[in-house]
Amino acid sequence: MSTRPHYKFWPKRLPHAITTPATSLWDNLAVSARRYPNKAAIVFFGRVLTYSQLMHQAERLAARLHALGVARGDRVILNMQNCPQLVIAHFAILRANAVVVPVNPMNRAEELKHYIVDPDAKVAITTADLAPDLIKASDDLAEKDRLAHVIVTHFTDAFDPGSTGADIPAAWRDWLLTRHELRAPAGGHSMAWSEALDHHSPLPGLAVGPADLAVLPYTSGTTGLPKGCMHAHASIMHNATAACAWGNATPDNVALLVVPMFHITGMVSVMHSNIFCGGTLVMMPRWDRDLAGRLISHWKVTTWTNIPTMVIDLMASPQFGHFDLSSLVHIGGGGAAMPQAVAQRLLEQFGLRYVEGYGLTETAAPSHSNPPDDPKQQCLGIPFMGCDARVVDPETLQELPAGEQGEIIIHGPMVFDGYWKRPEATQAAFIDFEGKRFFRSGDLGKTDEDGYFFLTDRLKRMINASGFKVWPAEVEALMFRHPAIQEACVISASDSYRGETVKAVVVLRPSHKGQVHEEDIIAWCRDHMAVYKAPRIVQFVDALPKSGSGKVMWRTLQEAEGGD
């Protein structure tokens with residue numbers, strides 16, 4: 001039995017576990033809208049959306065979804081960059097008693113097919129710049145699998161009427177301000193955002209509770225296509241409320257929301273936690289260091305969850321000396337280790353301790369976090385509120401003492417229910433340990449004498465590029481669709497900025513040798529998969545190393561590259 005030495009460093013004001021509300025996630029917005037109706041819920045390029053406005057628009061969209069036939073438990077795709085409409089749509093889907101399927105907006109048509117077919121989605125909500133790929137994906141499917149309805153919004157739907165977008169970075173102006181013509185999916189219908197909200201259809205009764213499925217985010221793995229992680233209202237509710245307690249949040253929180261909300265961290269630790277406590281979300285659609293500096297300065301941002309490369313980039317800006325970061329009282333994140341020198345500069349220059357955390361899609365973001373008053377640098381932290389985490393031998397499943405490397409296993413109210421339609425994968429992901437159901441993270445780590453956890457290696461074959469997880473098997477499967485590629489093996493290569501980047505070692509078909517160049521493969525990949533997955537380096541070889549059974553020996557290539 002674990003002695004839990006980390007309790008010595010536990011925030012003294014907090015219990016080790018919390019009692020979460022026995023209500024749905026929708027109730028969090030409804031309660032905050034009643035308490036703070038005129039308070040800013042979202043700030044987006046200068047426009048303020050109050051809590052009462054946010055709830056009203058979410059209710060109108062929920063009624064529209066109900067009128068389109070969305071029923072309790074139905075899955076609805078939500079495919080957007082960060083914008084107010086994403087928050088409205090997310091809560092509208094929940095209010096319609098349905099399930100949010102968050103999709104990475106960087107995915108291209110070929111990848112999007114899986115997110116339509118696997119969850120049996122018939123309705124999608126997206127932005128106009130992403131709609132063509134989503135509709136193409138639907139059109140390419142069998143008739144029974146296609147989308148029936150697509151609700152499409154423009155970023156300008158969130159702007160003040162007559163806004164010129166003067167504060168938009170120049171590189172974003174075409175992307176954010178261009179109006180696109182709507183096109184319907186084959187056999188289905190498209191609807192503009194304004195039409196979706198402008199109606200008087202009745203709301204359905206709120207029928208879901210803590211045990212009902214709320215969110216189905218997808219995660220990839222060592223083999224096959226991405227798997228849906230089944231999160232009930234209860235698991236998301238736990239980490240949203242626990243994040244508020246851990247971060248000492250109040251309704252006066254002003255959070256910079258730039259980590260993407262399709263990802264579990266942005267969704268739970270930033271969006272849901274701030275909606276629960278009645279905080280204000282100052283929203284960025286994607287990263288821009290100077291815009292971030294101006295927003296922190298102008299709106300007096302108090303808390304910022306990020307990935308370390310954002311902090312490094314902001315501090316490297318020529319304008320950095322003109323930004324006022326004095327309002328920040330909490331800064332932290334995860335996805336990659338914060339370089340010690342940068343963390344030290346934050347502490348010395350601003351008195352800010354960078355609080356790193358750890359979690360997976362399966363654990364609704366944090367399963368571990370550093371205590372805000374006692375963080376250790378380049379450390380995962382200690383098991384989060386209500387969480388029991390251990391380090392075990394991955395073969396014998398026996399718990400290991402401090403200092404010894406093993407697999408991190410996790411038990412707690414934040415752990416997902418299992419993989420959608422994948423009972424075998426679900427069974428393989430869990431073990432019985434000391435009479436409790438523990439999730440196998442696939443990450444190797446160790447604890448120190450204080451009970452803090454450190455990541456040391458991976459059991460799973462994965463590349464971490466600036467906090468984005470890239471699964472080589474998924475990239476390889478997409479690359480095999482290129483007519484020139486006979487074989488491909490994807491490995492990681494070191495990158496001074498991203499930490500790791502994607503490299504593909506490729507064997508060309510004899511018919512294409514001399515006709516196709518490395519740059520051609522890179523360009524094709526960027527057209528057919530999310531940009532963070534696309535190989536930045538391609539190396540042609542005559543043959544890949546293989547075992548006696550014919551399996552590609554990816555580890556041999558990885559070791560030759562100098563990593564693993």
Side-chain angles (χ1 to χ4, degrees), residues 1-2 4 6 16-18 20 102 210-211 213-224 226-240 242-243 263-265 267-269 334-335 357-369 380-400 405-447 451-462 464 469 471:
M1 175 69 72
S2 171
R4 296 181 173 86
H6 63 275
H16 296 145
I18 60 172
T20 53
L213 189 60
V215 183
L216 191 66
Y218 276 73
T219 182
S220 294
T222 53
T223 59
K227 302 183 293 291
C229 297
M230 296 187 290
H231 275 290
H233 287 259
S235 57
I236 304 296
M237 178 74 82
H238 178 274
N239 271 9
H263 188 271
I264 199 75
T265 298
M267 181 201 309
V268 179
S269 298
Y358 165 81
L360 303 100
T361 305
E362 290 91 341
T363 64
S367 60
H368 295 67
S369 185
L380 304 182
I382 61 178
F384 200 45
M385 303 181 80
C387 182
D388 183 1
R390 312 291 183 88
V391 175
V392 301
D393 184 301
E395 299 297 328
T396 67
L397 302 180
Q398 296 299 305
E399 187 167 6
L400 297 172
Q405 175 180 277
E407 184 179 3
I408 299 170
I409 60 171
I410 301 159
H411 168 84
M414 67 288 294
V415 176
F416 76 138
D417 291 338
Y419 294 113
W420 176 258
K421 295 181 180 177
R422 300 289 296 275
E424 300 87 359
T426 299
Q427 185 175 0
F430 288 92
I431 59 168
D432 183 78
F433 182 83
E434 294 184 354
K436 295 189 291 188
R437 186 173 183 250
F438 275 77
F439 170 66
R440 300 188 66 166
S441 72
D443 284 329
L444 295 176
K446 63 181 180 180
T447 59
Y452 283 68
F453 281 65
F454 293 81
L455 192 67
T456 56
D457 205 344
R458 304 170 190 136
L459 278 176
K460 298 175 181 175
R461 183 183 168 206
M462 186 266 288
N464 188 344
K469 291 184 177 180
W471 301 92

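Keep in mind that what you see is a predicted model, and the values were worked out from it rather than measured.
By the 4.5 Å heavy-atom criterion applied to side chains, L380 and I408 are counted as neighbours. No side-chain heavy atom of I264 sits less than 4.5 Å from a side-chain heavy atom of E362. The closest side-chain heavy-atom distance from M230 to L216 is below 4.5 Å. With a 4.5 Å cut-off on side-chain heavy atoms, R390 and E434 count as touching. At a threshold of 4.5 Å between non-hydrogen side-chain atoms, the residues C229 and Y419 count as touching. Residues L360 and K469 form a side-chain contact, since some pair of their non-hydrogen atoms from C-beta on lies under 4.5 Å apart.
Atoms CD1 and CZ, on I410 and F430 in that order, are 10.0 Å from each other to the nearest 0.5 Å. The line from NZ of K421 to NZ of K227 is 15.0 Å long, rounded to the nearest 0.5 Å.
The two atoms that bring P394 and E407 nearest to each other are CB-OE1, 3.9 Å, heavy atoms only. What you find for D432 and G435 is that their closest heavy atoms are OD1-C, 3.7 Å. Closest approach of G451 and P383 over heavy atoms only: O-CD, 4.3 Å. The two residues L400 and Q405 come nearest to each other via the heavy atoms CD1-O, 3.2 Å. Residues P413 and G386 share a closest heavy-atom pair of CD-O, 3.3 Å.
Residues passing the side-chain contact (heavy atoms from CB on, under 4.5 Å) test with L397 are V392, I431, R440, sequence neighbours excluded. Not counting sequence neighbours, the partners of T20 by the side-chain contact (heavy atoms from CB on, under 4.5 Å) test are I18, M237, H238, T241. With sequence neighbours left out, S269 forms a side-chain contact (heavy atoms from CB on, under 4.5 Å) with T265, A365, P366. Scored by the ring-ring contact (aromatic ring centres under 6.0 Å, His included) test, H411 finds F438 as partners (sequence neighbours excluded). Looking at residues two or more places apart in sequence or on another chain, you find a ring-ring contact (aromatic ring centres under 6.0 Å, His included) between H368 and Y358, F453. For the side-chain contact (heavy atoms from CB on, under 4.5 Å) test, residues two or more places apart in sequence or in another chain that qualify with A232 are D417.
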- Message: Show, in sequence, the C-alpha distance, side-chain angles and deciding distance for F384 and T363, and conclude whether the side chain to side chain contact (heavy atoms under 4.5 Å, CB included) test is met.
- Response: CA-CA 11 Å; F384 200 45; T363 64; over 6 Å; no
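Within 6.0 Å of CD on Q427 lie no more than 12 heavy atoms contributed by other residues, nucleotides or ligands.
Ring-plane geometry between F416 and F439 is classed as perpendicular, the angle between the planes exceeding 60 degrees on a 0 to 90 degree scale with a lower cut at 30.
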